[in-house]
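Worksheet: the structure to be examined is printed underneath.
Heavy-atom basis, side chains included; hydrogens, waters and symmetry copies ignored. To find a chain, count down the sequence lines: A is the first, B the second, and so on, and within it residues start at 1.
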Amino acid sequence: MVFPYTKAAKKKPADIGEDLGKYLVENSPNISAYNVINGFLNLSVDSSYWTNLLETVAGNDTYGQEASNGKKIMIEYSSPNTNKPLHLGHIRNILLGWSCSMIYQAAGYEVIKVQIVNDRGIAICRSMLAWQLFGDGETPESSGIKGDHLVGKYYVKFNTEFVKEYSEWQQTNEAKEVYAAKKKEDQDEAAFFKAYKNDYFNEFSYLGRDAKAMLVKWEANDPEVRALWKKMNGWVLGGFDATYDKLGVTFDKLYFESDTYLLGKELIEKGLKSKVLFKEGKRVWTDLSNIGMQKKTILKSDGTSTYTSQDLGTAQMRYNDYQAEKVVYVVGDEQISHFQGVFEILKRLEEPYAEGLYHLAYGMVDLPTGRMKSREGTVVDADDLVAEVIAEAQKSALERGELVDMDKTEQANTFRQIGLGALKYFILKVNARKRMVFNPQESVEMQGNTGPYIQYACVRCSGVARKAPEVNMILSADYTALQPQEKDLILKISQYPALIQEAAAAYDPAIVAAFAYDLAKLYNKFYHDINILKSESEAAKAFRLKLSGVVARTLKNAMHLLGMEVPPRM
RNA sequence: GGCUUCGUAGUUCAAUUGGAUAGAAUAUCAGAUUUCGGCUCUGAGGGUUGCAGGUUCGAGUCCUGCCGAGGUCACCA
């Protein structure tokens with residue numbers, strides 16, 4: 001493309017193209033020809049360039065892994081509440097966090113994977129209270145229910161009981177009086193009570209009163225409440241661990257909100273001194289109008305902490321723990337303004353890590369039928385989903401009569417790899433910041449732009465490469481009549497390291513996913529068009545086997561960045 | 001309402017960051033191959049990139065206005 005040079009050179013676009021092309025052919029050994037069309041300069045690359053490139057890549061055992069750059073990055077992901085099991089939204093979060101971790105590792109960073117478990121607050125007290133009232137001593141062991149699901153059951157129970165209580169209350173005289181006194185114009189009873197729910201919880205509800213009382217006791221370190229809290233949180237965390245294990249993700253460090261929610265005092269003192277923050281009574285606030293936001297409360301008028309104060313303190317603590325240059329928060333896009341506020345305050349406080357903070361905001365996951373709503377029971381449970389995709393992989397393989405001769409445990413493992421591969425790819429191929437539609441049927445498809453298609457291509461080319469141990473004996477330089485399919489493959493592979501950097505800079509696994517798919521597709525075309533084992537010459541055969549080996553390795557590497565495994569057979 | 005994200009084949013997603021004829025997949029139809037591995041390949045139809053202006057050699061991409069869908073506007077987390 002020569003348009004940008006027209007002004008500087010004061011020539012017609014076509015002439016510049018001619019001059020440049022001519023110069024490059026004469027002076028670069030890699031360029032063999034050129035032509036100019038509509039102001040675009042096209043160059044032809046000599047075959048020795050391609051074979052050399054392939055040799056270089058083949059000889060590099062760590063292709064796609066940058067040398068350490070000595071920098072640290074912390075990636076926070078998952079970070080669930082301990083009152084209910086994980087769902088599809090968490091899965092998107094977890095896969096994004098994991099994949100970004102892998103990408104940054106490949107880009108040369110030391111990665112610290114963390115999560116902050118939200119294990120306190122009124123929501124947790126709701127589950128606890130419901131269990132106390134209706135649980136009858138039920139445990140994961142006694143009921144056979146996975147711990148997180150058991151606690152989730154009582155969270156739901158609380159809500160159904162609360163709704164019942166609320167609708168009964170609406171019939172009372174007290175409710176009629178509240179309605180008469182507080183209703184807005186044109187607001188009928190139904191609309192009013194729908195909007196009044198939270199106020200009811202705080203002012204009139206028995207369940208609400210008891211849950212809040214429990215939270216107060218928890219904060220006062222009441223031994224009985226704390227013991228119950230510990231017991232139920234243990235159940236939930238055990239359940240989460242099982243789910244993480246299924247998904248194949250790990251963490252280097254867990255932070256607990258119960259330990260961090262009081263942090264931030266030190267930074268607040270600093271902010272008050274430097275007039276970044278202001279105090280009225282016990283309340284501390286700041287003005288964020290410069291980034292289009294309003295006043296933000298950091299400490300409440302009773303002096304207690306807020307979400308903001310807690311995140312300020314946590315950021316500082318984690319910097320003290322690890323001194324990471326970058327910190328990525330994988331959190332849903334509904335919290336964009338919260339993090340803008342937190343990051344802005346830290347910048348004003350001139351904290352050394354403030355510039356390296358990044359909120360990786362992802363969009364909500366919708367179902368084909370609309371959005372997920374826990375109240376309407378349309379939430380897709382994480383454990384159910386994982387079981388379903390594995391079952392689907394098994395079903396479709398057995399229907400085709402494949403893998404039946406395989407050892408049972410190996411077979412089960414292969415189905416797991418395929419099912420999870422399908423699920424992970426389906427979610428990660430979509431740009432993170434976009435809202436996405438999750439179709440359970442399509443997620444387990446095996447054809448087209450899917451995980452199993454890529455896995456299959458990889459299995460295929462490593463199978464080909466395995467056929468010929470002599471690939472390492474260099475012959476490929478003698479092969480000069482390269483086919484377009486071969487050039488396309490080498491070109492694609494040569495872009496891989498730059499692509500990793502690009503994906504890291506954009507915090508976007510979808511870039512890697514698109515690459516893996518393109519490469520798989522190019523290989524399948526190559527495989528179809530050219531019969532490798534019946535190549536026209538030994539040199540061509542050696543070249544193609546070597547190429548297959550390099551494709552296999554690159555595909556496997558790219559899939560690893562997406563958290564996908566490659567089955568031994570498919 | 002203010003701020004903000006988004007709107008691309010029937011559907012799900014791309015588009016090298018402002019570049020060539022907007023590409024894949026899926027579904028539909030028509031073919032090929034079936035070798036090292038059966039989930040492979042080729043082709044066809046399908047688009048006024050929400051609408052209307054503007055900026056320039058050139059706009060899906062940038063600017064303005066409208067329409068539509070989210071998010072957010074707590075002394076909740």
Side-chain angles (χ1 to χ4, degrees), chain A residues 1-4 6-7 13 37-40 42 79 81 116 118 120-124 198 202 257 261 280-285 291-311 331-338 340-341 361 363-364 366 368 371 396-397 400-402 418 426 429-431 433-439 441-443 445-450 452-457 459-468 495 498-499 502 506 510-511 513-514 517-518 520-521 523-534 544-545 548 569-570:
Chain A
M1 190 191 18
V2 295
F3 291 112
T6 50
K7 277 183 188 162
I37 300 167
N38 295 334
F40 290 84
N42 297 306
S79 301
N81 293 325
I116 175 151
N118 298 301
R120 64 166 283 278
I122 193 73
I124 278 84
N198 276 337
N202 286 321
E257 195 196 337
Y261 80 108
E280 286 168 5
K282 285 185 179 174
R283 181 188 176 213
V284 175
W285 58 277
I291 56 169
M293 295 167 66
Q294 302 177 350
K295 278 188 183 179
K296 191 88 192 161
T297 298
I298 317 268
L299 290 183
K300 301 177 210 164
S301 22
D302 60 2
T304 55
S305 64
T306 63
Y307 188 29
T308 306
S309 68
Q310 174 187 321
D311 268 1
V331 181
D333 61 7
E334 69 276 6
Q335 295 196 29
I336 285 176
S337 45
H338 165 73
Q340 274 176 351
M364 188 169 286
D366 287 328
R371 56 186 302 179
S396 83
R400 289 191 311 270
E402 287 168 21
I418 297 172
F426 189 85
K429 75 177 175 184
V430 182
N431 184 305
R433 71 164 188 286
K434 280 191 166 178
R435 210 181 162 96
M436 71 174 284
V437 175
F438 182 85
N439 186 326
Q441 266 99 50
E442 278 178 29
S443 75
E445 284 288 328
M446 310 253 156
Q447 294 172 41
N449 188 358
T450 66
Y453 174 87
I454 298 166
Q455 287 173 318
Y456 188 78
V459 168
R460 166 177 273 167
C461 55
S462 47
V464 172
R466 215 180 298 128
K467 286 278 168 187
Q495 293 162 349
L499 183 117
E502 188 192 334
I511 293 175
Y517 175 65
D518 285 347
K521 205 163 55 157
Y523 186 80
N524 274 336
K525 183 165 168 48
F526 160 78
Y527 174 85
H528 178 265
D529 292 348
I530 295 169
N531 192 322
I532 301 170
L533 296 186
K534 293 182 192 155
R544 287 166 189 162
L545 288 170
S548 295
R569 287 171 37 191
M570 280 181 80

Spacing between [X] atom [atom1] and [N] atom [atom2], to the nearest angstrom:
{"X": "A:Asn449", "N": "B:U26", "atom1": "CG", "atom2": "C1'", "value": "10 Å"}
{"X": "A:Asp518", "N": "B:A14", "atom1": "CG", "atom2": "C1'", "value": "9 Å"}
{"X": "A:Lys521", "N": "B:U40", "atom1": "NZ", "atom2": "C1'", "value": "13 Å"}
{"X": "A:Ile336", "N": "B:U4", "atom1": "CD1", "atom2": "P", "value": "12 Å"}
{"X": "A:His528", "N": "B:G43", "atom1": "NE2", "atom2": "C1'", "value": "13 Å"}
{"X": "A:Tyr456", "N": "B:G37", "atom1": "OH", "atom2": "P", "value": "9 Å"}
{"X": "A:Lys429", "N": "B:A25", "atom1": "NZ", "atom2": "P", "value": "11 Å"}
{"X": "A:Gln447", "N": "B:U11", "atom1": "CD", "atom2": "P", "value": "22 Å"}

Whole-Å [atom1] distance, [N] and [M]:
{"N": "B:U49", "M": "B:C62", "atom1": "C1'", "value": "16 Å"}
{"N": "B:U61", "M": "B:C75", "atom1": "C1'", "value": "42 Å"}
{"N": "B:G60", "M": "B:C6", "atom1": "C1'", "value": "13 Å"}
{"N": "B:U21", "M": "B:G58", "atom1": "P", "value": "14 Å"}
{"N": "B:U40", "M": "B:A27", "atom1": "P", "value": "11 Å"}
{"N": "B:A24", "M": "B:G65", "atom1": "P", "value": "37 Å"}
{"N": "B:U34", "M": "B:C41", "atom1": "P", "value": "15 Å"}
{"N": "B:A22", "M": "B:G46", "atom1": "C1'", "value": "14 Å"}

Which nucleotide in the list [options] gets nearest to the side chain of [X]?
{"X": "A:Val430", "options": "B:G37, B:A14, B:A77", "result": "B:A14"}
{"X": "A:Glu334", "options": "B:G71, B:A77, B:U40", "result": "B:G71"}
{"X": "A:Thr297", "options": "B:G71, B:U40, B:C75", "result": "B:C75"}
{"X": "A:Arg433", "options": "B:A77, B:U5, B:G70", "result": "B:U5"}
{"X": "A:Asn524", "options": "B:U40, B:C75, B:C6", "result": "B:U40"}
{"X": "A:Lys525", "options": "B:C41, B:C13, B:A77", "result": "B:C41"}

Taking any heavy-atom pair under 4.0 Å as a contact, classify [X]: base, sugar-phosphate, or nothing.
{"X": "A:Arg283", "value": "base"}
{"X": "A:Glu445", "value": "nothing"}
{"X": "A:Met364", "value": "nothing"}
{"X": "A:Ser309", "value": "nothing"}
{"X": "A:Asn431", "value": "sugar-phosphate"}
{"X": "A:Tyr527", "value": "base"}
{"X": "A:Gln495", "value": "nothing"}
{"X": "A:Tyr453", "value": "sugar-phosphate"}

Side-chain donor/acceptor contact of A:Ser301 with base of B:C75 under 3.5 Å: yes
No-H, no-angle donor-acceptor pair, A:Asn531 side chain to B:U35 base, under 3.5 Å: yes
Who pairs with [N] - Watson-Crick or G-U, where each distance is under 3.5 Å:
{"N": "B:C3", "value": "B:G71"}
{"N": "B:A30", "value": "B:U42"}
{"N": "B:C36", "value": "none"}
{"N": "B:A25", "value": "B:U11"}
{"N": "B:U49", "value": "none"}

Do [X] and [Y] have side-chain heavy atoms sitting under 4.5 Å apart?
{"X": "A:Lys296", "Y": "A:Trp285", "value": "no"}
{"X": "A:Lys521", "Y": "A:Ile454", "value": "no"}
{"X": "A:Phe526", "Y": "A:Ile532", "value": "yes"}

Contact under 4.0 Å: A:Lys434 side-chain N or O vs B:G7 OP1/OP2: yes
Distance test, side-chain N/O of A:Arg371 to OP1/OP2 of B:A69, below 4.0 Å: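 It does not, given that no N or O in the side chain of A:Arg371 lies less than 4.0 Å from OP1 or OP2 of B:A69.
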With no hydrogens and no angle check, do the side chains of [X] and [Y] hold a donor and an acceptor under 3.5 Å apart?
{"X": "A:Tyr453", "Y": "A:Asn524", "result": "yes"}
{"X": "A:Tyr517", "Y": "A:Thr450", "result": "no"}
{"X": "A:Tyr307", "Y": "A:Gln335", "result": "yes"}

Residue met sooner reading RNA chain B from 5', once A:Ile511 and A:Met436 are mapped to nucleotides: A:Met436
Torsion-based syn/anti label for B:U17, 90° from 0 as limit: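 Nucleotide B:U17 adopts syn.
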Test item: A:Thr306 side-chain N/O and A:Ile298 main-chain N/O as donor-acceptor pair under 3.5 Å: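 Yes, because the side chain of A:Thr306 sits within donor-acceptor range (under 3.5 Å) of the backbone of A:Ile298.
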Step-by-step side chain to side chain donor-acceptor pair (under 3.5 Å) determination, A:Tyr523 to A:Ser548: CA-CA 8 Å; A:Tyr523 186 80; A:Ser548 295; 2.8 Å; yes
